[in-house]
**Student:** 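Below is the structure I would like to discuss, written out as structure tokens.
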Protein chains: 2
Amino acid sequence: MKLDERHLIQLAAVVQAGGVTEGAAMLGLTQPAVSRTLAMLEKRLGEPLFVKGRRPLQPTPLGRALADHGQAMLVAARKASSLVDGFRHGRTGVVRVGGTPFFMDALISGMIAEFQNAAPDVRIEQSYGYLPDLRAAIDADRIDLAICPIDVLDEGSGMRFQELLPGRNVVACRVTHPLLLKRKLAPAELLDYPWIAPPSGSPLFADLHSLVLSLGATEAKIRYSGGSLVSAINYLKASDALTILPHSVVFAYRNDKSITALPVNIPHPERALGLLRRTEEIRVPAVEAFCAHIRKSFEDLRHLIKRHEQAVIWSL
Amino acid sequence: MKLDERHLIQLAAVVQAGGVTEGAAMLGLTQPAVSRTLAMLEKRLGEPLFVKGRRPLQPTPLGRALADHGQAMLVAARKASSLVDGFRHGRTGVVRVGGTPFFMDALISGMIAEFQNAAPDVRIEQSYGYLPDLRAAIDADRIDLAICPIDVLDEGSGMRFQELLPGRNVVACRVTHPLLLKRKLAPAELLDYPWIAPPSGSPLFADLHSLVLSLGATEAKIRYSGGSLVSAINYLKASDALTILPHSVVFAYRNDKSITALPVNIPHPERALGLLRRTEEIRVPAVEAFCAHIRKSFEDLRHLIKRHEQAVIWSL
DNA sequence: TATTTAATATACCTGATTGCTATGAAGCTC
DNA sequence: GAGCTTCATAGCAATCAGGTATATTAAATA
């Protein structure tokens, strides 16, 4: 016996409300509509759903049992509705974000936490990678967006790039580093200290190479490599080693007061940190909201950096 | 956002089946119908439910989440359907049966067990009472049927009566009772022994009274009263007391070989055990099936009694 | 790469169903 | 029994769900 789901829901509402009129109102329908539905149901079933002639409308056992199933449908329908509403406002869903390890660890993870304070029902699936992998992942729809440094985006790739921060690297060291005591720092002195190599394959690795070249050398004294950001920072804290890091990453650790940037200018890369997405991406509100949050966060970060630097200048 | 339940179910079927065509088939619909439903859904939501251009049809996160809710509705709908089917064949439901204690305990309880061997999903709610209570209970729709002795049913009461067994009482005693040894049993001797009184209010109680009167006395030596059937039987087994019982009840205990009926004729009541129901009862299949089973069981019982008595005659 | 094949989308039509308003019938309350 | 509330019925308009036929698209194969 095939039953119309709508009918069962109306039945459930009536049983729950204890009357046709109220049940109809609960569903935003008129009483005659629901009344007819019940009459049709009874006719089709050949069985009554309510005992006749009792005013506090009393369901038969069958009526009650069917109403229970209708109730299940009703709650499913409600849940589906609220799911859609949540989804539309970006309050629900999944965002798959990929990015380069250092930025993700230093900056993005915290921004994700902030985002989820406002949108707790959006799940974030993070993954790591560098530009080629990330592009492939976006193409294959394994991630919704990537956050990574990028120099130039070839047109027609179906990708959209939005800059978040200009590229700017610094040489990082611990706050007790001897070079910080020098009144005047000769760039060549950098080569006197051991270096931590950024992950191979990362843009930073290439930047380190060109830095070394600009210093007139062919290679630095690489003593440690392969570690994640935390490993590098910890190593940095415990030694006089140097490494190259994005300025924003060092900035993010400013409250630690354990690492800082050397006051030495190094060539900044022709590259900016940015948001990479498909242009013809199906507009997933949660993803939109997340991207908006990330952009907002970086904008705030830019201002913060600017204010911070002015403060430093003032204090000099 | 209001969503049509039917649409969600179709979505669920498609997601589950992994294709529109198969999903449609699963629901007994054609492919275009379901295809259009999905298109409409996507249009209304403003969000895609499936990622385009992939043949092993792949739902978007939203599509999958909505399909889950649709799945819930689908199982509810299936359950409702099977509920109705079960109900129509009397395989599901509740039967509320009232009856006089002795018959219920001695005969009906066993028949209920047999019935449920065939219809395990029908719940039986048993209650006790005598005719006036039972009639009131039927009227108030507290029970679906009553099984009790009844003499005459006034017309126009909205009740229907179906005879199950003719009224026939016997004097019961334990198998080692001294009166059973007597070659010829004078009815007056019955009064020499102590008696167990049936529950006050029961027809049997009235029968005992008229039996005593027919023996020329005004009252028997009542030593025990108020007990249920089991109490009475146990008392009977442990003493030379007598009591009046329906023949069928004593018959039901024949395999116990602990109580029996005295070979003495006593007036049988103008009353028959029967099934009492409302005439305009809404036809609940489970109730119908149960009544049919009860009538069948009593018919079998009648034959059994007849065969049993013939065997007894042969053996004499 | 061209061709075939399977699956999905679209177009169009019909009948059923839903929703409404208006109104009659039936219970409950006092 | 009067008045009030609630349920049932009738009639009507609009929508929608379902069907068949067909175009389009994506996958599979040569």
Side-chain angles (χ1 to χ4, degrees), chain A residues 1-45 47-60 63 67 70 73-74 77 139-141 280 282, chain B residues 1-45 47-60 63 67 70 73-74 77 139-141 280 282:
Chain A
M1 179 85 212
K2 174 79 172 55
L3 298 167
D4 192 324
E5 297 75 26
R6 200 176 312 207
H7 297 168
L8 290 184
I9 288 181
Q10 294 187 9
L11 172 64
V14 169
V15 168
Q16 196 191 330
V20 178
T21 308
E22 298 172 61
M26 182 182 301
L27 298 175
L29 299 177
T30 57
Q31 171 265 320
V34 175
S35 185
R36 187 182 39 181
T37 295
L38 296 179
M40 262 189 51
L41 253 181
E42 291 189 332
K43 191 171 173 186
R44 287 195 193 168
L45 292 173
E47 310 282 348
L49 295 170
F50 294 91
V51 301
K52 306 295 170 198
R54 315 239 163 166
R55 194 51 84 177
L57 214 52
Q58 189 187 347
T60 61
M73 295 189 202
L74 205 147
D139 256 333
D141 195 34
E280 46 91 20
I282 22 182
Chain B
M1 178 86 211
K2 176 77 174 57
L3 297 166
D4 193 322
E5 297 74 28
R6 201 175 310 202
H7 297 169
L8 291 184
I9 288 182
Q10 294 186 9
L11 172 65
V14 169
V15 168
Q16 196 190 331
V20 178
T21 308
E22 299 171 59
M26 181 184 299
L27 298 176
L29 298 177
T30 58
Q31 171 267 319
V34 175
S35 185
R36 188 185 40 170
T37 295
L38 296 180
M40 261 189 48
L41 253 181
E42 291 189 332
K43 191 171 171 188
R44 287 196 193 170
L45 292 174
E47 309 283 348
L49 296 169
F50 295 91
V51 300
K52 307 293 167 196
R54 316 237 161 165
R55 191 54 85 175
L57 216 50
Q58 190 187 344
T60 62
M73 295 190 202
L74 206 149
D139 256 333
D141 195 34
E280 44 90 22
I282 23 183

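Proteins get letters first, then strands, A, B, ... in listed order; numbering begins at 1 in each. Since the model is a prediction, treat every value here as computed from it, not as a measurement. Hydrogens, waters and symmetry mates play no part in the numbers below; they use all other heavy atoms, side chains included.
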**Student:** Can you check whether B:Ser35 has a side-chain N or O nearer than 4.0 Å to OP1 or OP2 of C:dT8?
**Tutor:**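 Answer no for this pair, as no side-chain N or O of B:Ser35 is under 4.0 Å from OP1 or OP2.
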**Student:** B:Lys43 NZ to C:dA9 P: how many Å, rounded?
**Tutor:**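 Result: 15 Å.
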**Student:** Could you tell me whether a side-chain N or O of B:Glu42 sits under 3.5 Å from a main-chain N or O of B:Glu47, the two making a donor and an acceptor?
**Tutor:**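 No, B:Glu42 side chain to B:Glu47 backbone: no donor-acceptor pair under 3.5 Å.
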**Student:** Less than 4.0 Å between a side-chain N and a carboxylate O, is that true for A:Glu5 and A:Lys2?
**Tutor:** yes
**Student:** What is the bend of the helix from C:dT1-D:dA30 to C:dC30-D:dG1 when you compare the axis at one end with the axis at the other, using five pairs each and rounding to 10°?
**Tutor:** 50°
**Student:** Tell me whether B:Thr60 contacts the main-chain N or O of B:Pro48 through its side chain, where contact means a donor paired with an acceptor under 3.5 Å.
**Tutor:**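 A pair under 3.5 Å: yes.
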**Student:** Starting from C1' on C:dT17, measure out to CG on A:Leu8 and report it in whole angstrom.
**Tutor:** 16 Å
**Student:** Indicate whether OP1 or OP2 belonging to D:dC7 is found under 4.0 Å from a side-chain N or O atom of A:Thr21.
**Tutor:** yes
**Student:** Can you measure from CG (B:Leu27) to CG (B:Leu74) and round to the nearest 0.5 angstrom?
**Tutor:** 6.5 Å
**Student:** Would you say the side-chain atoms of B:Gln10 and B:Thr37 include a donor-acceptor pair closer than 3.5 Å?
**Tutor:**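 Distance-only check passes for B:Gln10 and B:Thr37.
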**Student:** Does the protein touch nucleotides 10-23 of chain D at the base, only the backbone, or not at all? Give it as B, S and - per nucleotide, heavy atoms under 4.0 Å.
**Tutor:** ------SBBSBB--
**Student:** Output the distance between atom CD1 (A:Ile9) and atom CD (A:Gln16), rounded to the nearest 0.5 Å.
**Tutor:**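 Output value for this atom pair is 12.0 Å.
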**Student:** Rounding to a whole Å, what distance do you find between A:Leu41:CG and C:dT17:C1'?
**Tutor:** 13 Å
**Student:** Find the distance A:Leu3:CG to C:dT17:P and express it as a whole number of Å.
**Tutor:** 13 Å
**Student:** For B:Lys43, give me all partners under salt bridge (Lys or Arg N to Asp or Glu O under 4.0 Å), at least two apart in sequence or on another chain.
**Tutor:**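 Checked B:Lys43 against salt bridge (Lys or Arg N to Asp or Glu O under 4.0 Å); zero matches.
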